[in-house]
Engineer: 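One structure is given below, represented as structure tokens, and several questions about it will come after.
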Amino acid sequence: MKNWFKILLIISGKDILIELKSKEIVVAITLFSLLVVSIFAVTSSNPSSIPAEMGSGIIWASIVFSGSIAMSKFFYHEEKNETLNAILLMPIPIELIFFSKILSLFLFLTISECLIIAVFSILFNSNPLSLYILVAIPVFNLGFSSIGTFFGIISSKSRSNEILLTLLIIPILIPLIMFATELTRAGLSGTGSQNFNLWLSLGISFDIMFIIVLTFLFGKIIEQ
Amino acid sequence: MFRNLYLIISGAAVILSIWMIFMWVPTEINQGLVQRILYVHVPFAWASMVAIIAVAFASLMFLVTKKTYWDNLAQSLAEVGVVCAVVMLFSGIVWAKPVWGIWWTGEAKLTTALILFLIYCAYLVFRNYFPPGDARNRIAAIIALIGAIDSPIIYYAAQIWQENHPQAVVGPLATQESSLSSEMVITLLTSVLAVTLMFIGIVWVQYQTNKLLGSNNV
């Protein structure tokens with residue numbers, strides 16, 4: 001068990017080390033999201049007075065689109081350099097590879113989201129940081145990373161992988177996007193969420209269910 | 001012989017339902033002529049939902065048995081199902097504007113139908129983008145199954161969302177309950193039968209086409 005955890009950290013550490021050198025994923029997510037947030041800020045006549053619903057929509061729409069584009073880049077390099085095949089040759093359970101990728105993407109997404117939220121609060125003169133968004137971020141990132149890892153590996157083998165990955169993951173992520181948007185809106189408006197427990201149970205069950213199903217299916221797609 | 005008989009029966013059912021919709025069924029008092037869209041909307045909604053369940057079932061069978069005909073069937077069902085979903089969404093939007101006063105609302109059934117339509121569009125796009133072969137077929141089956149697993153969660157999420165954000169139904173008839181008369185029920189059932197027969201026929205033609213294309217590795 002302890003060895004498995006060590007292997008998990010080693011594989012994730014490899015991705016983090018590559019990212020520290022190339023700075024490709026975090027920079028791509030952050031810059032693309034900032035671009036989207038800036039467009040909304042520039043096109044809004046008074047960014048300080050936008051409704052909470054719109055604000056939360058802007059934050060999560062930018063994160064989802066930029067995240068899916070960055071994920072395709074992440075797996076494209078794995079495919080191009082055949083590093084995934086090399087990892088697969090290691091005598092370790094295949095699920096560990098899946099979890100290590102989830103861990104790396106989770107980390108990259110969290111860093112990017114912190115930067116996006118900071119810039120959003122400056123451009124829109126509002127404070128989205130609340131207990132609600134602090135709950136929404138890890139739950140959303142866990143689901144996004146697991147679905148992104150699964151479909152990222154699938155789409156890396158196809159032509160037009162960026163389009164394919166975006167098309168595949170966004171409709172499936174809709175319940176999680178609703179969850180994150182609602183909790184962020186609750187934090188931005190200051191009124192709270194009347195169905196907080198329901199949303200939280202939905203978000204957590206979504207994550208648990210998809211991690212179990214995708215872990216089981218990951219072995220099947222890797223066989224190909 | 002069977003094919004010709006099927007063609008005659010389904011063709012007759014379609015013609016009969018068109019005649020019933022435009023000539024026979026009385027006009028509904030509250031909604032007026034626009035209510036006749038129901039006789040198109042409901043059968044196509046039924047066909048698209050059946051298609052979604054059938055795609056998931058055929059995909060599961062393909063993963064279990066590895067028989068290519070299940071994969072061909074899943075693809076054919078998805079292709080025809082997506083077209084049915086387009087008719088369902090379009091007819092629903094056209095009906096909602098005069099009756100509800102808005103084109104679209106965040107109602108759970110509407111949101112779920114739209115998202116499922118997008119998932120199955122992604123399924124078909126994937127089949128076109130990915131290199132043909134056994135790997136593509138197996139991954140496509142997995143995508144269809146994930147879509148089916150996701151649908152109850154989408155419906156549940158849309159329901160909670162709806163509770164938080166009350167519907168903006170502002171049309172003059174938004175609060176009026178309307179019940180269907182016996183003629184309307186008969187017309188609706190005839191339309192459902194006609195569309196179901198047409199749906200099965202088109203899926204069968206599409207299945208034969210995909211089988212031929214599959215044998216040529218396209």
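Proteins come first, then strands; the chains are lettered A, B, ... in the order of their sequence lines, and each starts at number 1. Just so you know, these numbers come straight off a predicted model, no measurement behind them.
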Engineer: Take a 6.0 Å sphere around OH of Y6(B) and say whether it holds more than 12 heavy atoms from other residues, nucleotides or ligands.
Structural biologist: yes
Engineer: Between atom CG of L217(A) and atom CD1 of I142(B), what is the distance when rounded to the nearest 0.5 Å?
Structural biologist: 5.0 Å
Engineer: Is the number of heavy atoms from other residues, nucleotides or ligands within 6.0 Å of CH2 (W104(B)) greater than 12?
Structural biologist: yes
Engineer: So what's closer than 4.5 Å to chain A heavy atoms on S151(B): side chain, backbone, both or neither?
Structural biologist: neither
Engineer: Of all the residues in residues 123-133 of chain A, which have a heavy atom that comes within less than 4.5 Å of a heavy atom in chain B?
Structural biologist: none
Engineer: Report, as yes or no, whether the 6.0 Å neighbourhood of atom NZ on K14(A) holds more than 12 heavy atoms from other residues, nucleotides or ligands.
Structural biologist: yes
Engineer: Working to the nearest 0.5 angstrom, can you tell me the gap between F126(B) CZ and I154(A) CD1?
Structural biologist: 6.0 Å
Engineer: Sort I174(A) into side chain, backbone, both or neither according to what part of it lies under 4.5 angstrom from a heavy atom of chain B.
Structural biologist: side chain
Engineer: What's the shortest heavy-atom distance between A122(B) and L167(A), and which atoms?
Structural biologist: CB-O, 3.4 Å
Engineer: With a sphere of 6.0 Å drawn around CZ of F196(A), does it hold more than 12 non-hydrogen atoms of other residues, nucleotides or ligands?
Structural biologist: yes
Engineer: Does any backbone or side-chain atom of I149(B) lie under 4.5 Å from a heavy atom of chain A? Answer side chain, backbone, both or neither.
Structural biologist: both
Engineer: Indicate the atoms forming the closest heavy-atom contact of D150(B) with P171(A), along with that distance.
Structural biologist: OD2-O, 3.8 Å
Engineer: Measure the spacing between CG of L118(B) and CD1 of I170(A) and express it to the nearest 0.5 Å.
Structural biologist: 10.0 Å
Engineer: State whether the number of non-hydrogen atoms from other residues, nucleotides or ligands found under 6.0 Å of W95(B) atom CH2 is greater than 12.
Structural biologist: yes
Engineer: How would you list, in number order, the residues of residues 206-215 of chain A that have a heavy atom less than 4.5 Å from chain B?
Structural biologist: F206(A), M209(A), F210(A), V213(A), L214(A)
